[in-house]
Amino acid sequence: MATPLEEWVEEQARLTKPDEVYWCDGSEEEAQRLVEIGMTQERLGDHPVFYELSHKNFPNSYLHRSHPTDVARTEHLTFVCHPDEVTTGPNNNWMHPNEAVEMLTKLTDGCMRGRTMYVLPYMMGHPDNPFSKACVQLTDSVYVAVSMRIMTRMGEAALARIGSSDNFVKGLHSVGDLDPNRRFIMHFPLDNLVWSVGSGYGGNALLGKKCFSLRIASWLGLHEGWLAEHMLIIGVEDPEGEITYMAAALPSASGKTNLALLQSTLPGYRVWTVGDDIAWMYIGDDGRLWAVNPEVGFFGVLPGTSMKTNPNMIRCLASGEFFPTLFTNAALDVDTREPWWEGKDGPVPEHVEDWQGKPWTPGSEKTAAHPNSRFTVSIAQCPSTSPEFHNPKGVPISALLFGGRRTRLIPLVYEAFNWQHGVFAASAMGTETTSAAMHMVGMLRRDPMAMLPFCGYNMGDYFRHWLTMGQRIPHPPKLFFINWFRTDDSTGEFLWPGFGENIRVLKWIADRVRGRIGARETPIGLMPHQGDIELSGLNVSQEALERLFKVHREAWLAEAAEVGQFYEQFGDRLPPELWEEHHALVKRLEGSA
Ligand code: OXD
Ligand code: MN
């Protein structure tokens, strides 16, 4: 008798009509075969799916050039399909599930003709963690199949977990004809299903990542009492060998992977990487909040990655221990056949092809690598990966950090008075947009907990869930706010050097949670006493430091007014506690004249 999994695969094959159905086992030998197929047989328009790169400095690396219109997540084509629109919330696009299924069925009918359907069984999370989920994605893209092997635990463990049950997360993916007018990334939280057509881009097509591990998982977390968050996870080791684990929410393009792999400039300190993008957090038997990274790879932004900004990632990309490493939409140094990108160490090569394979020179109008070009690489080969990454339980979290790109207002670091105040401040988080293509440059986008594009249900209910979790965690972490991006009003230059120097801020946070130092009270939260941020060997003037911590009363009142407007859209789904915190902040600011 066929198992529910076999039946489901058959049903999807009847709909999509592939020439062949191939079950992946996740082995290295198989990945080599798939890459070979991508270089020789499978094509994307007029070019192969993979190009071999030189293995001299980047062993086992391959270049993928995407369709030119398929280079980023497409939030306007991303939907949550729950029968109730209000449950979905103003933060999501909504379509009724019946309507969505009807539309997608038409779009998917026969879409894999002439192609192979790859069946990818994979785990999100360590197989021995009870919160882990067994998933199966079907795809007609060899690029997606190979990428999923890097990003997830693919193969036997997932099949063993599923067995003859119907308890697995389903993902149906087809690149379709890559037409943006027929591109939809649809989530069905009641069916544990993601259905994605028309895109091969990571965030739209690697369905274990944003689609499942954040949008669907956040919904599961709401009902099962845990948190699925857009957070990196690190351990900060001090000279005594004590490790303080932290998780940090940062919106896309605000230095998250750099912070996750930070190389300390302070002697005796070291940062261990547990994850760079997603944290699943649950209450442990000891009453603390524990975090696991459900992924096993990095899918990070390439431009700007260098020995200065992220030396551990450069070493990771050069390792070649795990097969393969992918570079998507990087430029190509034609003479050496190495990937190239803006911000890479060393001189600009003499002969460059841009991300679309066209000749490029430094005088060209556009960048050589696409601004959202990416690497896909195994976490196993990263020199800063924590030994605890392999611990099924994950790591106990002492501090939750929230940050964004704010050239003004937000200080270098401050601590919330308590959990409720921290949830309020995290719900009010914003970040300045950097890409003219999607938003106006320098515009502030509110992005609560960096989850705006990823929360799979009404954010008002999400804030309530956060407040409830705070009451349920017997030993909750402390909440902190960080901002590396504050600038000098007159010169526009950054006031803080950032990158490896951010360890100095992490040290203050670790010292706070370990009760080693005090803090001073301000209207917005608790801030370091003068001298408590370790500045030895750093060229930051006293004046710059003062400006990094300055609380401008009028500007904060204006911010509070904007947050109030942002809150309005959630109506009575917004927990009254957050309005209380909002009023309390305004009162403290008004009283601080
Ligand atoms: C990502 C994102 O790719 O947040 O991680 O967009
Ligand atoms: Mn992300």
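Basis for what follows: all heavy atoms, side chains included, without hydrogens, waters or symmetry-related copies. Counting convention: from 1, in listed order, for ligands and their atoms alike. What you see is a predicted model, and the numbers here were worked out from it, not measured in a lab.
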The NZ(Lys210)-the Mn ion (ligand 2)-NE2(His230) angle, to 10°, is 90°
key: Parallel, tilted or perpendicular, as decided by the 30° and 60° cut-offs, for the rings of Trp340 and Trp360   = tilted
Per-atom filter on ligand 1: closer than 4.0 angstrom to a heavy atom of Asp277 are 5 (O)
Atom 5 (O) of ligand 1 has as its nearest protein heavy atom Lys210 NZ, 2.9 Å
Relative to Phe485, does Arg406 satisfy both conditions: NZ or CZ under 6.0 angstrom from the six-membered ring centre, and within 45 degrees of the ring's axis? no
Discussion item. Using the ring centroid of each side chain, check whether Tyr462 and Phe454 are separated by less than 6.0 Å.
Written reply: no
| message | Could you go through Thr431 and Asp447, starting from their C-alpha distance and side-chain angles, then the distance that decides it, and tell me whether this counts as side chain to side chain donor-acceptor pair (under 3.5 Å)? | response | CA-CA 7 Å; Thr431 199; Asp447 190 354; over 6 Å; no
On a heavy-atom basis, the closest approach of Leu107 and Val197 is CD1-CG2, 4.0 Å
Heavy-atom count around Arg464 CZ within 6.0 Å, excluding the residue itself: above 12? yes
| task | Classify the ring geometry between Tyr143 and His64 as parallel (under 30°), tilted (30 to 60°) or perpendicular (over 60°). | result | parallel
Atom 3 (O) of ligand 1 sits nearest the protein heavy atom Arg374 NH1, 3.0 Å
heavy-atom search around atom 2 (C) of ligand 1 in the protein gives Ser252 OG, 3.2 Å
What about Lys209: any of its N or O atoms under 3.5 Å from an N or O on ligand 1?
-> no
Near His230 (heavy-atom distance under 4.0 Å), the atoms of ligand 1 are 4 (O)
Honestly, for Lys256 the part within reach of ligand 1 (heavy atoms, under 4.0 Å) is neither
Atom name of the N, O or S atom of Asp277 nearest to the Mn ion (ligand 2) is OD1
